[in-house]
Chemist: 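Below are the structure tokens for one structure; questions will follow.
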Protein chains: 2
Amino acid sequence: MADVPPNRRSPPHPRTRRGKDTRAGLLRAAEAVIGEIGYAASSIADITRKAGIAQGTFYIYFQSKDEVFRELVVEMGRLTRGFLTEAVADAPDRLTAERRGLRAFLAFVAERPTLYNIVTEARFVAPDAYRDYYTVFARGYAQNLSAAAKEGEIRSGSAEVRAWALMGMAITLGERFAIWETGIDLDMVVDEVFDMLERGLRP
Amino acid sequence: MADVPPNRRSPPHPRTRRGKDTRAGLLRAAEAVIGEIGYAASSIADITRKAGIAQGTFYIYFQSKDEVFRELVVEMGRLTRGFLTEAVADAPDRLTAERRGLRAFLAFVAERPTLYNIVTEARFVAPDAYRDYYTVFARGYAQNLSAAAKEGEIRSGSAEVRAWALMGMAITLGERFAIWETGIDLDMVVDEVFDMLERGLRP
DNA sequence: CTGACTTATGATTCAGTGTTCATATTGAAG
DNA sequence: CTTCAATATGAACACTGAATCATAAGTCAG
């Protein structure tokens, strides 16, 4: 009988208070370390050292280095979406919502510069998680845009193309004006972008 | 006497035809392998196997894995810029140039999907080369935009913010509509984007 | 208190891989 | 031809770091 080597399962969730704390600490340490120096350069030893525990303990909570990373990517997605949803919640119309959303995203990035390192590296380490991250975003985005078009708040057009175009702008602007160079007047950046988006480039 | 361990130099360029061919083959193999599976996952053995030579030969032409990669990033930058400059050369005005530029970029990406893997991973492997890649791009872009504004071809505004915003759009649109999903009508994508860029989102 | 389960330890294993090196082959100048 | 620098080889080396495991310590319900 060939023994079917069963695909390993993720370790069960911690049952005690102590365990929950350790697991959470491990996640925070992983975010800090991987966000700082990148996935490839981060060793399990780095992460457990940061968390203040022994190396072996890591494997009580996560099956592999890959697994923490995936969880981190998913967490980043939830965090970002939550933050943006909140920031945009009571905007009177879509254009205002877009403006506030971009402004909030730049602020989010500025105060959490680890985000890009994690999400970007997911492209190689966990391609499916990477795609999910952006696809989930884009879906919500596109829904909002097409609802707004139906309401006549913006001109009609492909909500999907627009959503990805706008996301792309936000990502690159964040990297350039909130991470590479800090202390930039982000309101100015948002104003410039929306001048273009609202009125077009035409003279 | 402490012997100052002199920083290694890059191997000299090949002197014979044979050497030039081998080096070029190595670069092409590196592009193929790293572009396909990423820098971290690529071994020197993978690259030399692809190139059809022995492992040791690699080090006759490159000092390290890191070094080929850097050269690849620089090469990608030159290639992309050359392609775009060509595509945009005889556009009658800036808006047309922008449109043709985006269209050409999407086409370029579609037929050279290794580009993104290489450039994106440079963010971690060779951060300076990564920044250069985009900064050189953005500089040229911004110059064109501010010249056009001076000519009255577009409304005035921060050329730098616009340049990065437009670059960001192109990058993300390329990933979504030229890499993730192939066979998309790229002209349609460009039309949608330029409807927004020329006339704005307002109703 | 106690015993069973959960959590923690860190030395050890083990495979992968970047780089080196002694040796061999090639090819073109003289 | 000869000769020598350039080029090629692939086995061996050195090192890293993910994952394991036998053992110990802590925690908590009953």
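Computed from a predicted structure; not experimentally measured. Residue numbers start from 1 in every chain, and the chains themselves are labelled A, B, ... in the order their sequence lines are given, proteins ahead of strands.
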Chemist: Across nucleotides 7-12 of chain D, 5' to 3', mark each nucleotide with B, S or - according to how protein heavy atoms within less than 4.0 Å reach it.
Modeler: SBBB--
Chemist: Looking only at side-chain N and O atoms, does B:Tyr59 come under 4.0 Å of OP1 or OP2 in C:dT19?
Modeler: yes
Chemist: Return each pair, listed once, that meets salt bridge (Lys or Arg N to Asp or Glu O under 4.0 Å) where at least one residue sits in residues 52-66 of chain B; pairs must be two or more places apart or across chains.
Modeler: B:Asp66-B:Arg70
Chemist: Can you check the A:Asp46 CG to C:dG10 P distance for me, whole Å?
Modeler: 17 Å
Chemist: Can you check the A:Lys65 NZ to D:dT16 P distance for me, whole Å?
Modeler: 15 Å
Chemist: State whether A:Arg199 and B:Glu198 are salt-bridged, where the test is any N-O pair (Lys NZ or Arg NE/NH1/NH2 against Asp/Glu carboxylate O) under 4.0 Å.
Modeler: no
Chemist: CD1 of A:Ile44 versus P of D:dC21: gap in Å, rounded?
Modeler: 17 Å
Chemist: Please, which pairs that meet ring-ring contact (aromatic ring centres under 6.0 Å, His included) have at least one residue in residues 63-113 of chain A, sequence neighbours excluded?
Modeler: A:Tyr39-A:Phe69, A:Phe83-A:Phe108
Chemist: Let's go through B:Asp93 and B:Thr96 carefully: what are the C-alpha distance in whole Å and the side-chain angles of both, what is the deciding distance for side chain to side chain donor-acceptor pair (under 3.5 Å) to 0.1 Å, and is it a yes or a no?
Modeler: CA-CA 5 Å; B:Asp93 58 76; B:Thr96 310; 3.0 Å; yes
Chemist: Considering every strand and a 4.0 Å limit on heavy-atom distances, what is the contact class for A:Thr48: base, sugar-phosphate, or nothing?
Modeler: nothing
Chemist: Taking NZ, NE, NH1 and NH2 as the nitrogens, is one of them in B:Asp46 or B:Lys50 under 4.0 Å from a carboxylate oxygen of the other?
Modeler: no
Chemist: Write down the distance between CG (A:Leu26) and C1' (D:dA19), rounded to a whole number of angstrom.
Modeler: 14 Å
Chemist: Please report, rounded to the nearest Å, how far the C1' atom of D:dA19 is from the CD atom of A:Gln63.
Modeler: 11 Å
Chemist: Assess whether a salt bridge exists between B:Glu121 and A:Arg123, defined as any Lys/Arg side-chain N lying under 4.0 Å from an Asp/Glu carboxylate O.
Modeler: no
Chemist: Just the rounded figure in Å: distance from C1' of C:dA8 to CG of A:Asp21.
Modeler: 14 Å
Chemist: What integer distance in Å separates B:Ile37:CD1 from C:dG16:P?
Modeler: 14 Å
